[in-house]
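Here is the naming used below: chain letters follow the sequence lines, and residue numbers restart at 1 for every chain. Small disclaimer: the values here were computed from a predicted structure and weren't measured.
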Amino acid sequence: MDYQPSQIEPKWQDEWEKQPTPDSTATERPKYYDLVMFPYPSGNLHMGHVRNYAIGDVIARYKRMQGFSVLHPIGWDAFGMPAENAAIKNNTHPKPWTEKCIERMKIQLKRLGISYDWDREVNTSSEEYYKWTQWIFLLMLKRGLAYRKKAQVNWCPKCQTVLANEQVVKDNQCWRCESIVEEKELEQWFLKITDYADRLLTDIEKLSGWPEPVKIMQRNWIGKSVGLEVDFTIYSPNSQLRTPNLKIFTTRPDTLFGVTYMVLAPEHPMAIELSKGTPQEKEVLAYIEKTKKESTHDRAISNSKEGVFTGGYAINPANGDKVPIWIADYVLMGYGTGAVMAVPKHDERDLAFAQQNDLPVSDNPLDNNIADKLVNSGIAKRKTNFKLRDWLVSRQRYWGAPIPIIYCEKCGAVPVPENDLPVKLPMDVKFTGEGASPLTQSKEFMHAVCPLCGGVGRRETDTLDTFNCSSWYYLRYSDPHNNEKPFDQALAKKWMPVDQYIGGIEHAILHLLYSRFFTKVLFDAGWSPTDEPFKNLLTQGMVVKDGAKMSKSKGNVVDPDYIIEKFGADTARLFILFASPPEKELEWNDQGVEGSYRFLNRVWRLASQVPSSNFPDPSNEKYSDQIKLKRKLHQTIKAVTEDIEKFSFNTAIARLMELTNTFYDYLNNNSNIGNLSLEIGHLLQLLSPFAPHISEELWHQLGNKDSILSQPWPKYDPKLIVEDEMTIAIQVNGKLRDTLLFSSDAKEEEIKEKAQKTDKTLIFTAGKEIVKVIYIPKKLVNIVIK
RNA sequence: GCCCAGGUGGCGGAAUUGGUAGACGCAAGGGACUUAAAAUUCCUCGGUCGCAAGGCCAUGCCGGUUCGAUUCCGGCCCUGGGCACCA
């Protein structure tokens, strides 16, 4: 019978569904929480998903065979813009659209043979789920971590909503639609992630199982600077200043003696005051007007060192020097105090500014004691600043969890009582794409009673950023159907933290930082058993074709369904795991897919054609071949196990190919081959995490009754992997000149001696003095000559 | 500009703590089988010189350490990613 994936794959998928693995319900085994980033239900699985889930499934299946009780769940990050846009486009509602997409993708996932625990499936857009997303928001509010403020915010004109700082990606673009982000002043809800800045930073140290680049990115994003806030006394012609002092922040108080001028951000409240009544007043006002028209982003990238003198001066508390105060747009109002002391000698930007505006550069030496002096005399205080900003979570969109707040004329912003959760999304809404958020159309939704005074209230019409939903889903998986609380603490304690998290690098900051924040808040509130959610993190690389990320617009998309139909899920999975190490970019190659298919065919023929005659007599001349085959098998068990442990799936598969080749060599060279079903069974076990269907099928063809999934992971016999011969490289002055074969127990003296006497080495050593002979056990001899 | 990651055959990629560079696969070329093709199978496959044995060169470039460097150190070049005047 030929290898026909289209026959055997559905068969085993049905079979596995009928007999679910003991998995997450098996309490007597050690736990292992294997998590892949849940997908947005766009309706179509793409190769990036396949890669993500194939990796997750290898780990799940491997860990199960190793005896772990594995939690391997899946769900849907189902709120968000695309569903709403589709609703507008098709004149429908996001809910049915999303449900349809989920159904489609579920079928695709099952076709891939990924072993999920479907009983734990979650959907963030379901009322049962978003009830708790809202509950967590109220918890934040209770703990003083949610607040409303008017601020300059990022506005995406296409998505018609505000964005968090983390969602504005390179070149000032919206993370989702790539539109250029605008600035708007709006009153919005924020989560006080800055309260956790220090812990989010220091706890990065605990994340020994995270890739270094992700940790560095998070560190930089949090951006901690330790320094001093120093008061400079102001000397100005304007006698009616509201404060006599100018506060600046510096990380380099030791350079205080080198200060030659000061700079304020144009938005600094002192800027206009200082120039009042001076000849510079007009110029200052003009400059402020000019910078108002520029966006923060343009200011940041312009690198311009333009500025104007305010007419005011400051007295340097370190040495009494009187230095001019300027304004310039390279100083940002949003960081520190919006004012800086300028030390051209020690700061590139200050130097560039000084040169452009003819300001002096001072040679005064550094002073390491000045900080202490100023702090002790009350002129300065120690200060730590962060780049991290609070998380703006309001979204002016329909398809998200409504922010559970009611506005009352008398009582202000009042939280919806817990018993009234969830605040449900209304269904009497039309999706036209016109006007404000669709939620404002629903009378039923808008109308609310103030929970405090019973008066007429108005509901908050913004919804929560969908990153709120995905910031705690891994906790929900531990207890996905609980209607009394977000999850049971004991169950969370059983499963958390996630032992292995797998997903794309694009979430290095966004989702991974928000999730860490949520976990810490829930930990502080006594809910989460851990203060870090993900013990180990694997960031998988992108799937590209012809050097570009697969996308419809580029026309280089390969449809997983097509590959599954043509070659089977096993081939798709195997190729994706074999073509590249998981953290690297993967170049799609149609011919490479065929290569993986060929390999599975070779395994198929090997296992389905193996005769089961008796073992040959030990005296048989080919007995040594059998020893070699066994040795190769055990070496492969060892190597594949070690490779999977370090996620080197590509080399693990290479080892399986080598083993298969060794089987064929053996078959070709021996007429009396003996019974190999045990050995081939081991090969199938090793292959099963990567290509589960074919392994299961052939396993049964070999006469096994139980599922291959229930088999323990093969163990190697240390005695069997030992080679009886070794090839020793012979070098002269580090250059390879010859190789010699020795029995494994050959003594160093014998090896060194023989190495010096081979025909080839003699050619190179003739007439030269041998200085020394170096022997590296089991590897090489290097003869050093002069 | 700063911070990461990475540069190995025609391609994807392998190489324990420094120890035979190129595992495994793809592509390519040649042979077998076949009426033919597909499938399968066998051989060759970094460059260069050589009839051959073999030599020389080769892991982005230039140096260094070492008996020995893809691996360690210093300096450059290039590619990808992140941050973007954070005082």
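Judged purely by atom type and a 3.5 angstrom limit, A:R573 uses its side chain to pair as donor or acceptor with the backbone of A:P689. A donor-acceptor contact shorter than 3.5 Å links the side chain of A:D643 to the backbone of A:A652. Not one N or O on the side chain of A:T660 forms a donor-acceptor pair closer than 3.5 Å with the backbone of A:V603. A:N357 places a side-chain N or O within 3.5 Å of a backbone atom of A:F353 that can act as its donor or acceptor partner. A distance-only check finds no donor-acceptor pair linking the side chain of A:N536 to the backbone of A:W210 [under 3.5 Å]. Formation of a donor-acceptor pair under 3.5 Å by the A:D350 side chain with backbone atoms of A:P344 is not found in this model.
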Derivation and outcome, side-chain hydrogen bond (donor to acceptor under 3.5 Å, both in side chains), residues A:Y261 and A:S362: CA-CA 10 Å; A:Y261 63 99; A:S362 159; over 6 Å; no
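Remark: B:rA37 base-pairs with no nucleotide in the shown strands. Criterion, Watson-Crick or G-U wobble with two distances under 3.5 Å. In this structure B:rC11 sits in a base pair with B:rG25, meeting the Watson-Crick or G-U test at under 3.5 Å. B:rC2 is paired with B:rG82 under the Watson-Crick or G-U wobble criterion, all donor-acceptor distances under 3.5 Å. Base pairing of B:rU65: no nucleotide in any strand meets the Watson-Crick or G-U wobble criterion (both distances under 3.5 Å). Summarising the base pairing, B:rC76 is matched to B:rG60 through a Watson-Crick or G-U wobble pair whose two defining distances lie under 3.5 Å.
Within the 4.0 angstrom heavy-atom criterion, base atoms lie near A:V331. Base contact: A:K305 has a heavy atom under 4.0 Å from a base atom. Base engagement by A:V340 is indicated by at least one non-hydrogen atom pair under 4.0 Å involving a base atom. Contact annotation for A:R737: backbone-only contact, meaning every heavy-atom pair under 4.0 Å involves sugar-phosphate atoms and none involves a base. Residue A:F764 is classed as a sugar-phosphate contact, given heavy-atom separations below 4.0 Å to backbone atoms only. Residue contacts shown for A:E585 are limited to sugar-phosphate atoms, with no base heavy atom under 4.0 Å away. Base contact: A:T739 has a heavy atom under 4.0 Å from a base atom.
Ion pairing of A:K545 with A:E587 is absent here, as no side-chain N (NZ or NE/NH1/NH2) approaches a carboxylate O to less than 4.0 Å. Electrostatic pairing of A:E642 and A:K646 does not count as a salt bridge here, judged by no charged N lying under 4.0 Å from a carboxylate O. Looking at A:E306 and A:K290, a side-chain N of the basic residue comes within less than 4.0 Å of a carboxylate O on the acidic one, giving a salt bridge.
Rounded to an integer number of Å, the gap from CG of A:D738 to C1' of B:rA53 is 13 Å. The CG atom of A:N669 sits 13 Å away from the C1' atom of B:rC42 (whole-angstrom rounding). If you measure from atom CD of A:Q540 to atom C1' of B:rA5, you get 17 Å, rounded to the nearest angstrom. Protein atom CG of A:L332 is 9 Å distant from nucleotide atom C1' of B:rA87, rounded to whole Å. In this entry the distance linking CG of A:D347 with C1' of B:rC85 reads 9 Å, nearest Å. Rounded to an integer number of Å, the gap from CD1 of A:I770 to P of B:rG68 is 16 Å. When rounded to the nearest whole Å, the span between CH2 of A:W175 and P of B:rG81 equals 20 Å. Taking atom CD of residue A:E348 and atom C1' of nucleotide B:rC2, one finds them 9 Å apart after rounding to whole Å.
Side chain of A:I216, nearest nucleotide from B:rC85, B:rA87, B:rC3: B:rC3. Candidate nucleotides B:rC67, B:rG19, B:rA5 were compared by shortest atom distance to the side chain of A:P213, and B:rA5 ranks first. Between B:rG19, B:rC83, B:rG13, one nucleotide has an atom nearer to the side chain of A:P581 than all others, and that is B:rG13. Of the candidates B:rU20, B:rA87, B:rC67, the closest approach to any side-chain atom of A:Y335 belongs to B:rA87. You'll find that the side chain of A:S580 is closest to B:rG13, out of B:rG13, B:rG54, B:rU20. Among B:rC83, B:rU20, B:rG54, the nucleotide with an atom closest to any side-chain atom of A:T727 is B:rU20. Nearest nucleotide to the A:N782 side chain, out of B:rG82, B:rA87, B:rG68: B:rG68.
The separation of B:rU66 from B:rG19, taken at their C1' atoms, amounts to 12 Å, rounded to a whole angstrom. For B:rA21 and B:rU16, the P atoms lie 14 Å apart once the distance is rounded to whole Å. Only the P atoms considered, B:rU35 is 40 Å distant from B:rU48, to the nearest whole Å. Taking atom C1' in both B:rU8 and B:rC57, the straight-line distance is 15 Å, to the nearest Å. Using C1' as the reference atom, B:rC24 and B:rG9 are 15 Å apart when rounded to the nearest Å. Remark: the separation of the P atoms in B:rG60 and B:rC11 is 13 Å, to the nearest Å. One C1' atom belongs to B:rU79, the other to B:rA23, and the distance between them is 26 Å to the nearest Å. Across B:rU70 and B:rC33, the matching C1' atoms stand 43 Å from one another, rounded to whole Å.
Nucleotides of RNA chain B nearest to A:V169 and A:G338 differ in position, and the one nearer the 5' end is that of A:V169. Mapped onto RNA chain B by nearest heavy atom, A:T337 and A:K735 fall at different nucleotides, with A:K735 at the one closer to the 5' end.
Between A:K584 and B:rG13 there is a side-chain N or O to OP1 or OP2 distance below 4.0 Å. Residue A:K779 places none of its side-chain N or O atoms closer than 4.0 Å to OP1 or OP2 of B:rU20. Taking only side-chain nitrogens and oxygens, A:S225 comes nearer than 4.0 Å to OP1 or OP2 of B:rA87.
Applying the 90° criterion around 0 to the glycosidic angle, B:rG9 comes out syn.
Side-chain contact annotation: A:T758 with A:D738, donor-acceptor N/O pair under 3.5 Å present. Remark: the A:Y3 side chain and the A:T571 side chain contain no N/O donor-acceptor pair separated by less than 3.5 Å. In the model, A:E166 has a side-chain atom that pairs as donor or acceptor with a side-chain atom of A:W221 under 3.5 Å.
Counting heavy-atom neighbours within 6.0 Å of A:D2 CG, excluding the residue itself, gives a total of 12 or less.
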Under 4.0 Å protein heavy-atom contact, by nucleotide of nucleotides 21-29 of chain B - B base, S sugar-phosphate only: --BBSSS--
N/O to N/O distances under 3.5 Å, protein versus nucleotides 64-66 of chain B:
none

